[in-house]
Amino acid sequence: MARTAREVLADAVAGLAPAEGANRLVPLIAAGEAPREVFAALALEQHHIIPSDRRSFLHLADRSGLQPAVAAFFRFLAEGETEALHRLTTLATACGLDEKAVREYEPQAGCQAYPAYAAWLALGAEPVDAAVALTANFAAWSGYCATVSRAMRDHYGFDESACGFFDFFAVPSPEAEELSLAAVHSGLDTGLLSEPSAHRYGRLLQSYELMFWETLAVR
């Protein structure tokens, strides 16, 4: 029996989920034991990551060519990055960062490995394979954001607007889910989807995601 798009995505999300305890910073934030300065560092790094990811998603949309459902998924992701950048500015301000601090910050390699790999995918991966990999990664990222968002309120005294960046990612988007399903359905119909490749890309994305958090943890 042919696999469905929902089965493909469910297998990727479950099979590529990070091991329990793999992220050592988020539990520290959840307990209020991480230094408050970690949020400023995170905001500074994300000011480099989000524009890069947006460009990658737009390039993947352009490369999707004859797969309009795949292109629509990546255009939606790019629009989300625009909103995330707006919310990130509010977080940076709440952390005491001004435009000069953001502009002059030198990013760390361990935090920027993720967007560098996303750019690599944008250049060379089959777009629908990248869509599966990113969907699996976003499931993990969403869970981390939900935990951080709660902790910012409970332990660090941030107001609602400052938490908006993490709130944006913390709740899974029904529209993103539908677009992802449509993209994978297109990949199955056209025969362009390679699950082994998608899982390889997803495994590396998850590893670079954990590298991001680990780099922040050892500042």
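Nothing fancy with the numbering, it's 1 onward along the sequence.
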| Are any side-chain N or O atoms of S149 and backbone N or O atoms of C145, one a donor and one an acceptor, separated by less than 3.5 Å? | no

| Expected output: side-chain D129 to main-chain S197 donor-acceptor under 3.5 Å | no

| query | Taking S186 for the side chain and A182 for the main chain, is one N or O donor matched with an acceptor at less than 3.5 Å? | reply | no

| About how many Å separate CG of L216 and CD of E37, when rounded to the nearest 0.5 Å? | 12.5 Å

| task | Would you check if there is a donor-acceptor pair between the side chains of D53 and Y114 at a distance under 3.5 Å? | result | no

| message | Angle between ring planes, F158 versus Y156, binned at 30° and 60°: parallel, tilted or perpendicular? | response | tilted

| note | Interatomic distance, CG@L181 vs CZ@F73, rounded to 0.5 Å, equals 10.0 Å

| query | Stepwise, does the side-chain contact (heavy atoms from CB on, under 4.5 Å) test hold for E79 with R54? | reply | CA-CA 8 Å; E79 291 169 3; R54 182 177 184 276; over 6 Å; no

| field | Intermediate values then yes/no, side-chain contact (heavy atoms from CB on, under 4.5 Å), F166 and L91 | value | CA-CA 9 Å; F166 293 100; L91 173 61; 3.8 Å; yes

| H155 side-chain N/O to A30 backbone N/O, donor-acceptor pair under 3.5 Å | yes

| message | If I compare all heavy atoms of L188 with all of A5, which pair ends up nearest, and what's the gap? | response | CD1-N, 3.6 Å

| How about E126 and L193: do any of their side-chain heavy atoms sit closer than 4.5 Å? | no

| message | Could you measure the distance from the CG atom of L88 to the CD1 atom of I50? Nearest 0.5 Å is fine. | response | 5.0 Å

| query | Do E177 and S180 come within less than 4.5 Å of each other through their side chains, counting heavy atoms only? | reply | no

| message | Please find the pair of heavy atoms, one from A133 and one from A198, that lie closest to each other, and give the distance. | response | CB-O, 3.5 Å

| Going through the checks in order, is the side-chain contact (heavy atoms from CB on, under 4.5 Å) test met by I29 and T147? | CA-CA 8 Å; I29 294 173; T147 299; over 6 Å; no

| Quick check: does any side chain N or O of R63 sit under 3.5 Å from a backbone N or O of A125, one acting as donor and the other as acceptor? | yes

| said: I'd like to know if the side chain of S207 pairs up with that of R203 as donor and acceptor (distance under 3.5 Å, no hydrogens or angles considered). | reply: no

| query | Does some side-chain heavy atom of R24 sit less than 4.5 Å from a side-chain heavy atom of W213? | reply | no

| query | Going by distance alone, is a donor N or O of one side chain under 3.5 Å from an acceptor N or O of the other, for S161 and T90? | reply | no

| said: Looking at every heavy atom in both L97 and A43, which two are closest together, and how far apart are they? | reply: CD1-CB, 4.3 Å

| field | Interatomic distance, L179 atom CG to S173 atom OG [nearest 0.5 angstrom] | value | 7.5 Å

| Between R55 and E81, is there a salt bridge with N-O shorter than 4.0 Å? | no

| query | Are the side chains of V148 and F39 in touch, meaning some heavy atoms are under 4.5 Å apart? | reply | yes

| query | For C111 and F212, what are the C-alpha separation, side-chain angles and deciding distance, and is it a side-chain contact (heavy atoms from CB on, under 4.5 Å)? | reply | CA-CA 4 Å; C111 290; F212 167 82; 3.7 Å; yes

| note | What one should report as the nearest heavy-atom pair of A22 and L210 is CB-CD1, 3.8 Å

| said: Give me the atom names and distance for the closest heavy-atom approach of D159 to A162. | reply: OD1-N, 2.9 Å

| task | Could you tell me which non-hydrogen atom of S64 sits nearest to which non-hydrogen atom of F74, and how far apart they are? | result | OG-CD1, 4.1 Å

| request: Please confirm whether the backbone N or O of E7 pairs with a side-chain atom of T4, one donor and one acceptor, at under 3.5 Å? | output: yes

| Is R153 salt-bridged to D167, cutoff N-O under 4.0 Å? | yes

| request: Could you tell me whether W141 and F138 have their ring centroids closer than 6.0 angstrom? | output: no

| Is the shortest heavy-atom distance from the side chain of E83 to the side chain of F168 under 4.5 Å? | yes

| said: With rounding to the nearest 0.5 angstrom, report the CE to CD distance, M211 to Q112. | reply: 12.0 Å

| message | I need the Q206 CD to L16 CG distance, nearest 0.5 Å. | response | 6.0 Å

| Are the side chain of S142 and the backbone of F169 linked by a donor-acceptor contact shorter than 3.5 Å? | yes

| Is a donor on one side and an acceptor on the other found under 3.5 Å between the side chain of E45 and the backbone of Q108? | yes

| message | Using the rule given for ring-ring contact (aromatic ring centres under 6.0 Å, His included), can you reason through F76 versus F57, listing the C-alpha separation, both sets of side-chain angles and the distance that settles it, and then say yes or no? | response | CA-CA 9 Å; F76 179 83; F57 298 154; over 10 Å; no

| Does S52 reach the main-chain N or O of H48 with its side chain, forming a donor-acceptor pair under 3.5 Å? | no

